[in-house]
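Okay, structure first, notes after.
Computed from heavy atoms alone, side chains included, the values below leave out hydrogens, waters and symmetry copies.
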Amino acid sequence: MIDITFSNEEVSSLKEFYKSELEKAINRVSDIKEMISKLDGKLKSEPKKRGLKAKATTTAKKTATKAVKSTSSTGKRRGRPAKVKVEESAVAE
């Protein structure tokens, strides 16, 4: 292996650099641990859902009426009605 020699200034700047990197890494790890603890707390106590619960009978009735409406054909199409074509001779008069 090759030996590398550094001056005193280079050694001190490298020490400062790696100390700052170590601080950043430690802060990052503590942030991650904090986030994990927050998420663990949320899993234990989920907030209650608000509002009224849906009744099974009303949803069954709605789906049954939709099925009846779709099977009965009245001959009408959904959407905007088609334009009526006007003959050129009627427009010229």
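Separation of atoms OG (Ser12) and CZ (Phe17) is listed at 14.0 Å; rounding is to 0.5 Å.
Glu34 is linked by a salt bridge (charged side-chain N to carboxylate O under 4.0 Å, His left out) to Lys38, counting only residues two or more places apart in sequence or in another chain. The side chain to side chain contact (heavy atoms under 4.5 Å, CB included) search around Leu22 returns Ile26, not counting sequence neighbours. Residues forming a salt bridge (charged side-chain N to carboxylate O under 4.0 Å, His left out) with Lys33 (at least two apart in sequence, or on another chain): none. Residues meeting the side chain to side chain contact (heavy atoms under 4.5 Å, CB included) test with Ile4, sequence neighbours left out: Phe6.
No more than 12 heavy atoms of other residues, nucleotides or ligands lie within 6.0 Å of CG in Asn8, so this atom counts as exposed by the packing criterion.
The other members of the hydrophobic cluster of Ile36, by chain and number, are Ile32 (side-chain heavy atoms under 4.5 Å, ILVMFWY only).
Sorted by first then second residue, the salt bridge (charged side-chain N to carboxylate O under 4.0 Å, His left out) pairs that include residues 10-23, not counting sequence neighbours, are Glu21-Lys24.
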